[in-house]
A.B. asks: 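Next up is a structure, given as C-alpha cells.
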Amino acid sequence: MTPVCVLGNGQLGRMLRQAGEPLGIAVYPVGLDAEPEAVPYQHSVITAEIERWPQTALTQVLEQHPAFINRDIFPRLADRLPQKQLMDDLQLATSPWQPLTSPDEWPGIFSRLGDFVIVKRRTGGYDGRGQWRVRPGDETTLPAEIYGECIVEKGIAFSGEVSLIGARNRHGDCVFYPLTHNLHEDGILRMSVAYPENQHPLQLQAEQMLGAILTELDYTGVMAMECFIVGDGLLINELAPRVHNSGHWTQNGASVSQFELHLRAILDLPLPQPVVSAPAVMVNIIGTEFNTQWLAQPLAHIHWYDKEVRPARKVGHINLTHPDPALLNANLDGLARQLPKEYQSAVSWAKAKLSW
C-alpha cells in the first residue's frame with residue numbers, strides 16, 4: 001500500500017495514522033520543521049492536517065511533490081477572501097460580506113451590511129481568535145494593521161449551527177455523513193450531535209452545496225462545510241479542506257471514520273457511503289486534565305491527544321453512541337458529573353438535540 005505523509009503532526013495527523021494502521025497503510029505525520037531527508041516522502045502520497053504553513057526546508061520540498069493532493073487548493077481555501085469569492089461564483093448562500101481595506105469604508109459597511117458585523121482575518125484565526133464583533137462605534141478600537149488583511153461579514157441571526165463532512169475521490173464520486181449539529185462557546189466547538197442517515201430536512205441541500213464545491217475544485221479527500229441554519233435554509237460559514245473537529249464522532253459512530261475515508265479517497269481505494277445507524281455525541285475536552293472517572297461511563301470512547309493542558313486548548317474528545325437516546329442521555333449525565341461546570345449547559349443542549 002502506498003504510504004502517506006501528513007504535513008503537520010498534531011492530533012489530526014495522529015488520528016489519520018491510527019486510521020491507517022488496521023488497513024496496513026503507513027501514515028507519517030511530520031512536523032513542519034522536519035529535515036526533508038528524514039521524511040519518506042519520495043514514494044508517498046502527501047496530504048495535510050492544516051490549511052496553511054510557513055516556508056521551511058520541508059514544505060518547500062513537499063510543495064514540489066507531484067503527489068501532494070490538493071496542493072493548490074489549500075492556499076485558496078486558507079484565505080477567506082477567495083473562499084468567499086468561490087461561494088459567490090457558485091451562487092451558494094453565504095453571509096453578505098466584503099473585503100475590509102480601509103477605515104474609511106465603515107459608513108458604507110454599516111449601511112450595506114447592517115449595524116452588527118463580524119470582522120475576520122483572511123488567514124489564520126480559528127477557535128474564535130482573529131475575529132471581532134463590531135457595532136457602530138466599536139470600529140475605532142480595531143487594530144490598525146488589520147486593514148487589507150480582513151473581510152467583514154453581516155452578523156447573522158441563526159437558529160443553529162451544523163456542519164457537513166463529505167469526501168470525493170479522483171473519479172468524482174462523493175459520499176457524505178449525516179449533518180452534525182454543533183455547539184460553539186467562545187468560538188470553540190464544545191459539543192456535536194449527529195443522527196442516523198439523512199434524517200435532517202436540510203441534508204439534501206447541504207450535500208448539494210458541498211458537492212458543488214468539491215466538484216468545482218476537483219477536490220480529492222475529506223472536506224468540512226460549516227453552516228448556519230437561517231429560516232428553512234443554510235448559509236455557508238466556512239470551509240475546511242481536511243478532516244475536521246466536528247467529524248470526530250465518526251470514529252465510533254460510523255462504519256467508516258472521516259480519517260479512514262480521507263485515506264481511502266486520496267489513495268484511490270473504494271469509497272463506500274458510510275453507514276450511521278445510531279445517534280452519536282462528541283464532547284470536546286478543552287483545557288481540562290484527564291479524569292479516569294470518565295471511563296466509568298460504558299458508552300464513553302476517550303481519545304486523548306497527549307498535549308500539554310492549557311486554557312482554551314483542545315486536549316481530547318469523548319465519543320458516545322447508542323441507538324437508545326435514553327441510554328445516551330444517562331451516560332451524558334454521568335459524564336457531566338465528572339466534567340467542569342462549564343460543560344453542564346452543553347450537556348443539556350446535547351440531550352435536547354437527542355430528543356429531536
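Numbers for residues simply follow the sequence, beginning at 1.
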A.B. asks: Tell me who clusters with L81, hydrophobic residues only, linked when side chains sit under 4.5 Å apart either directly or through other members.
C.D. replies: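 Direct or chained contacts put L81 with W97, I151.
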A.B. asks: So if you build clusters from Ile, Leu, Val, Met, Phe, Trp, Tyr with side-chain heavy-atom gaps below 4.5 Å, do V222 and I50 land together?
C.D. replies: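 Result: no, two separate clusters.
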A.B. asks: Roughly how far apart are I266 CD1 and T47 OG1, rounded to 0.5 Å?
C.D. replies: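 Reported to 0.5 Å precision, the distance equals 4.5 Å.
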A.B. asks: Is it the case that E161 and H184 place a side-chain donor and acceptor less than 3.5 Å from each other?
C.D. replies: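 There is such a pair between these side chains.
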A.B. asks: I'd like to know if the side chain of S111 reaches the main chain of P107, judged simply by a donor and an acceptor atom lying under 3.5 Å from each other, with no hydrogens or angles considered.
C.D. replies: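 Judged by distance alone, no pair lies under 3.5 Å.
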A.B. asks: Given a cutoff of under 4.5 Å between side-chain heavy atoms of I, L, V, M, F, W and Y, with clusters grown through shared members, what are the other residues clustered with V230?
C.D. replies: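 V230 shares its hydrophobic cluster with I156, F158, F228, L235.
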A.B. asks: Working to the nearest 0.5 Å, report the span between CG of L328 and OG of S355.
C.D. replies: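 Separation between the atoms: 12.0 Å.
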A.B. asks: Do S192 and N182 have side-chain N/O donor and acceptor atoms under 3.5 Å apart?
C.D. replies: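 Distance-only check passes for S192 and N182.
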A.B. asks: I'd like to know whether NE2 of H43 has more than 12 heavy-atom contacts from other residues, nucleotides or ligands below 6.0 angstrom.
C.D. replies: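 No - once you tally the heavy atoms of other residues, nucleotides and ligands closer than 6.0 Å, there are 12 at most.
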A.B. asks: Which one of E238, K154, K84 satisfies the side chain to side chain donor-acceptor pair (under 3.5 Å) criterion with T94?
C.D. replies: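 Considering E238, K154, K84, a side chain to side chain donor-acceptor pair (under 3.5 Å) with T94 is found only for K84.
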A.B. asks: Does a side-chain heavy-atom distance below 4.5 Å link H303 with Q251?
C.D. replies: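 Sidechains of Q251 and H303: in contact.
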A.B. asks: Are there more than 12 heavy atoms of other residues, nucleotides or ligands under 6.0 Å from atom CD of Q91?
C.D. replies: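 No, the 6.0 Å shell around CD holds no more than 12 heavy atoms from other groups.
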A.B. asks: Applying ring-ring contact (aromatic ring centres under 6.0 Å, His included), name anything that partners H248, two or more places apart in sequence or on another chain.
C.D. replies: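 H248 satisfies ring-ring contact (aromatic ring centres under 6.0 Å, His included) with F259, H317 only.
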A.B. asks: Which value, rounded to the nearest 0.5 Å, describes the distance between L62 atom CG and I46 atom CD1?
C.D. replies: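 It is 5.0 Å, given to the nearest 0.5 Å.
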A.B. asks: Cut-off 3.5 Å, side chains only: do Q11 and K307 have a donor facing an acceptor?
C.D. replies: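 The criterion, which ignores hydrogens and geometry beyond distance, is satisfied for K307 and Q11.
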A.B. asks: How long is the span from the CD1 atom in I188 to the CZ atom in R313, to the nearest 0.5 Å?
C.D. replies: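 These two atoms lie 12.0 Å from each other.
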A.B. asks: For the CG atom of L234 and the CE atom of M225, what is their distance to the nearest 0.5 Å?
C.D. replies: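 These two atoms lie 6.5 Å from each other.
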A.B. asks: Keeping the roles fixed (side chain from E149, backbone from E145), state whether a donor-acceptor pair exists under 3.5 Å.
C.D. replies: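 Looks like no, no N/O pair under 3.5 Å.
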A.B. asks: Would a hydrophobic clustering, with Ile, Leu, Val, Met, Phe, Trp and Tyr connected at side-chain separations under 4.5 Å, put I213 with F74?
C.D. replies: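 No, I213 and F74 fall in different hydrophobic clusters.
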A.B. asks: For the rings on Y343 and W294, is their centre-to-centre separation under 6.0 Å?
C.D. replies: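 Ring-ring flag for Y343/W294: false, centres at least 6.0 Å apart.
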A.B. asks: Sequence neighbours left out, what passes salt bridge (Lys or Arg N to Asp or Glu O under 4.0 Å) with R170? Give chain and number order.
C.D. replies: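 If we apply the salt bridge (Lys or Arg N to Asp or Glu O under 4.0 Å) test to R170, skipping adjacent residues, the hits are D268.
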A.B. asks: Supply the atom-to-atom distance Q85 CD to L90 CG, rounded to the nearest 0.5 angstrom.
C.D. replies: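 Atom-to-atom, Q85:CD and L90:CG are 12.0 Å apart.
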A.B. asks: Salt bridge or not between K351 and D333? Use side-chain N to carboxylate O under 4.0 Å.
C.D. replies: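 A salt bridge is present here (some side-chain N lies under 4.0 Å from a carboxylate O).
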A.B. asks: Determine whether N237 and E153 satisfy the following criterion, side-chain contact (heavy atoms from CB on, under 4.5 Å), listing intermediate values before the conclusion.
C.D. replies: CA-CA 10 Å; N237 180 27; E153 300 176 344; 4.3 Å; yes
A.B. asks: Would the distance check show the side chain of T288 and the main-chain N or O of I285 forming a donor-acceptor pair, the cut-off being under 3.5 Å?
C.D. replies: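 Not a single qualifying donor-acceptor pair exists.
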A.B. asks: List the residues meeting salt bridge (Lys or Arg N to Asp or Glu O under 4.0 Å) with E308, not counting sequence neighbours, and say none if there are none.
C.D. replies: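 So E308 forms a salt bridge (Lys or Arg N to Asp or Glu O under 4.0 Å) with R310.
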A.B. asks: Has the side chain of W249 got a donor or acceptor atom that lies under 3.5 Å from a matching backbone atom of V193?
C.D. replies: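 A pair under 3.5 Å: no.
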A.B. asks: So I286 and V315, side-chain contact (heavy atoms from CB on, under 4.5 Å) or not? Walk me through it.
C.D. replies: CA-CA 6 Å; I286 303 165; V315 292; over 6 Å; no
A.B. asks: If you draw a 6.0 Å radius around CG in D88, do more than 12 non-hydrogen atoms from other residues or ligands fall strictly inside?
C.D. replies: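 Atom CG in D88 is crowded, with more than 12 foreign heavy atoms closer than 6.0 Å.
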A.B. asks: Which other residues end up in the same hydrophobic cluster as L142, if Ile, Leu, Val, Met, Phe, Trp and Tyr are linked when side-chain heavy atoms come under 4.5 Å apart?
C.D. replies: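 Under the 4.5 Å side-chain rule, L142 groups with L100, W106, I109, F110, L113, V117, V119, W132, V134, I146, Y147, V152.
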A.B. asks: Hey, any chance W304 and L320 share a hydrophobic cluster, counting ILVMFWY side chains that come within less than 4.5 Å of each other, even indirectly?
C.D. replies: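 Looking at the clustering, L320 is in the same group as W304.
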A.B. asks: Salt bridge (charged side-chain N to carboxylate O under 4.0 Å, His left out), that's the test. Do E51 and R242 meet it? Break it down for me.
C.D. replies: CA-CA 8 Å; E51 289 97 323; R242 52 174 171 79; 3.0 Å; yes
A.B. asks: Taking H171 for its side chain and D173 for its backbone only, find out whether a donor-acceptor pair lies under 3.5 Å.
C.D. replies: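 Not a single qualifying donor-acceptor pair exists.
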A.B. asks: Between the side chain of T321 and the main-chain N/O of P279, is any donor-acceptor distance below 3.5 Å?
C.D. replies: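 It does hold such a pair.
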A.B. asks: Where do P36 and Y41 come nearest, in terms of heavy atoms and distance?
C.D. replies: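 Looks like O-CE2, 3.4 Å.
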A.B. asks: Contact between V162 and L202 at the side-chain level, heavy atoms closer than 4.5 Å - yes or no?
C.D. replies: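 Result no, sub-4.5 Å side-chain heavy-atom pair not found.
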A.B. asks: Could you walk me through whether L164 and Q203 satisfy the side-chain contact (heavy atoms from CB on, under 4.5 Å) test, starting with their C-alpha distance in whole Å, then the side-chain angles of each, then the deciding distance to 0.1 Å, before giving a yes or no?
C.D. replies: CA-CA 8 Å; L164 183 68; Q203 181 77 29; 3.7 Å; yes
A.B. asks: Under the side-chain contact (heavy atoms from CB on, under 4.5 Å) rule, what do K120 and Q131 come out as? Steps first, then yes or no, please.
C.D. replies: CA-CA 5 Å; K120 297 180 178 180; Q131 300 185 12; 3.9 Å; yes
